[in-house]
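Quantities reported herein were computed from a predicted structural model and do not represent experimental measurements. We use all heavy atoms of the structure for the numbers below, so side chains are in, but hydrogens, waters and symmetry mates are not. Just so you know, ligand 1 is whichever comes first in the structure, and atom 1 is the first atom listed for that ligand.
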Amino acid sequence: MSFTIAIDGPAASGKGTISKALAAHFGFAHLDTGLLYRAVGRRMLSGEVPLRAAQTLSARDLEGDDLRGPDVAQAASKVAAIPEVRTALVDFQRAFARRAGGAVLDGRDIGTVICPEAELKLYVTASDAVRAERRHAELQGRGLTVDYDQVLADLRERDARDSERAAAPLKPAGDAVVLDTSDLSIEDALAQAIAHADAAGAVRSG
Ligand code: C5P
């Protein structure tokens with residue numbers, strides 16, 4: 001039986017952490033859809049045409065630490081504004097969402113475009129300052145030297161591009177539950193997400 005949890009939200013809102021932990025809690029598969037756009041963005045930075053990259057993505061494209069870096073993030077949000085690139089990635093995401101045993105997908109348009117019929121939709125958000133602090137700490141933890149103000153500016157630039165684009169802009173689905181994690185610990189945010197999933201009828205798989 002399939003059960004889809006769709007999680008959207010801006011960069012560094014906590015949606016990745018919540019998605020992973022929710023999937024582990026219920027024994028569901030997890031897909032970080034941002035990685036697909038990052039993989040296309042990285043190939044664009046190496047000189048490829050974005051659409052061609054999106055049409056020929058393979059599992060190997062999703063490997064490598066640099067996929068998580070700030071340059072690739074900005075490139076990802078540029079290729080993500082190209083409607084044909086998005087279309088090329090739709091079937092894979094929908095098939096993943098409906099796999100037997102349950103799935104959690106996180107991104108920007110999962111509840112609005114990819115899985116409007118998902119059993120649960122969460123929109124995870126947090127203030128700009130909190131998100132920038134989290135991303136700054138994460139990048140420093142990975143050994144990168146970064147300036148907080150630059151991280152904040154990068155996040156805002158990416159949010160603006162993601163929210164203002166015509167194709168599948170970042171926004172909560174009309175029936176999404178909004179979870180603001182600004183003042184929540186990871187444990188509390190996860191507990192709230194699990195409570196919403198329980199209420200939506202999610203059952204442990206496997
Ligand atoms: O989630 P992450 O920060 O890795 O996403 C990188 C970029 O990929 C986002 O800024 C956004 O432009 C794009 N993206 C998207 N739709 C998704 C997931 C990511 O447009 N479902």
Side-chain angles (χ1 to χ4, degrees), residues 4-23 29-45 50-51 53-54 57 61-97 103-116 118 121-126 128 130-139 142 144 146 151-173 176 179 181:
T4 309
I5 302 181
I7 305 193
D8 292 303
S13 56
K15 66 183 189 311
T17 306
I18 291 173
S19 302
K20 243 182 261 140
L22 256 189
H30 171 231
L31 179 64
D32 170 357
T33 65
L35 286 183
L36 304 176
Y37 294 93
R38 283 172 183 262
V40 175
R42 183 170 60 182
R43 281 175 58 176
M44 177 184 75
L45 292 175
L51 179 56
L57 268 196
D61 283 307
L62 305 181
E63 293 168 7
D65 278 352
D66 62 327
L67 210 53
R68 302 271 180 195
D71 296 345
V72 173
Q74 290 293 350
S77 95
K78 287 179 188 156
V79 300
I82 305 171
E84 293 80 7
V85 164
R86 307 197 68 84
T87 303
L89 301 175
V90 166
D91 288 351
F92 174 75
Q93 295 175 83
R94 288 200 177 136
F96 190 97
V104 180
L105 286 84
D106 72 277
R108 303 291 189 289
D109 64 338
I110 308 302
T112 50
V113 174
I114 302 295
C115 305
K121 297 171 197 171
L122 290 178
Y123 187 84
V124 181
T125 188
D128 290 6
V130 165
R131 293 188 296 116
E133 275 161 31
R134 288 179 187 157
R135 184 49 52 88
H136 186 244
E138 179 202 324
L139 293 171
R142 296 207 336 250
L144 297 169
V146 279
V151 172
L152 180 63
D154 275 0
L155 278 185
R156 286 185 169 149
E157 183 186 337
R158 201 143 64 89
D159 287 350
R161 201 184 291 122
D162 291 348
S163 310
E164 288 160 19
R165 69 185 176 214
L170 167 67
K171 63 173 179 195
L179 190 58
T181 66

Short N or O separations between ligand 1 and the protein, below 3.5 Å:
residue, atom, partner, partner atom, Å
ligand 1, 1 (O), Arg108, NH1, 2.9
ligand 1, 3 (O), Arg38, NH2, 3.2
ligand 1, 3 (O), Arg108, NH2, 3.1
ligand 1, 3 (O), Arg158, NH1, 2.9
ligand 1, 4 (O), Arg38, NE, 2.5
ligand 1, 4 (O), Arg38, NH2, 3.2
ligand 1, 10 (O), Arg108, NH2, 3.4
ligand 1, 10 (O), Arg158, NH1, 2.8
ligand 1, 10 (O), Asp162, OD2, 2.7
ligand 1, 12 (O), Asp162, OD1, 2.6
ligand 1, 12 (O), Asp162, OD2, 3.3
ligand 1, 16 (N), Arg86, NH2, 3.1
ligand 1, 20 (O), Arg86, NH1, 2.8
ligand 1, 20 (O), Arg86, NH2, 3.4
ligand 1, 20 (O), Arg165, NH1, 2.9
ligand 1, 20 (O), Arg165, NH2, 2.9
ligand 1, 21 (N), Thr33, OG1, 3.0
ligand 1, 21 (N), Arg108, N, 3.1
ligand 1, 21 (N), Asp109, OD1, 2.9

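- Rounded to the nearest 0.5 angstrom, Ile114 CD1 and Leu105 CG are separated by 8.5 Å.
- The pair Asp32-Arg68 meets the salt-bridge criterion, with a side-chain N (NZ, NE, NH1 or NH2) lying under 4.0 Å from an Asp/Glu carboxylate O.
- Remark: of the listed residues Val79, Leu45, Val72, Val79 is the sole one forming a side chain to side chain contact (heavy atoms under 4.5 Å, CB included) with Val40.
- Salt bridge status for Asp128 with Arg131: present, with a side-chain N to carboxylate O gap under 4.0 Å.
- No salt bridge links Glu138 with Arg134; every basic N to acidic carboxylate O contact stays at or beyond 4.0 Å.
- Legend: salt bridge (Lys or Arg N to Asp or Glu O under 4.0 Å) pairs involving residues 36-45, not counting sequence neighbours, sorted by first then second residue: Arg42-Asp66, Arg43-Glu48, Arg43-Asp61.
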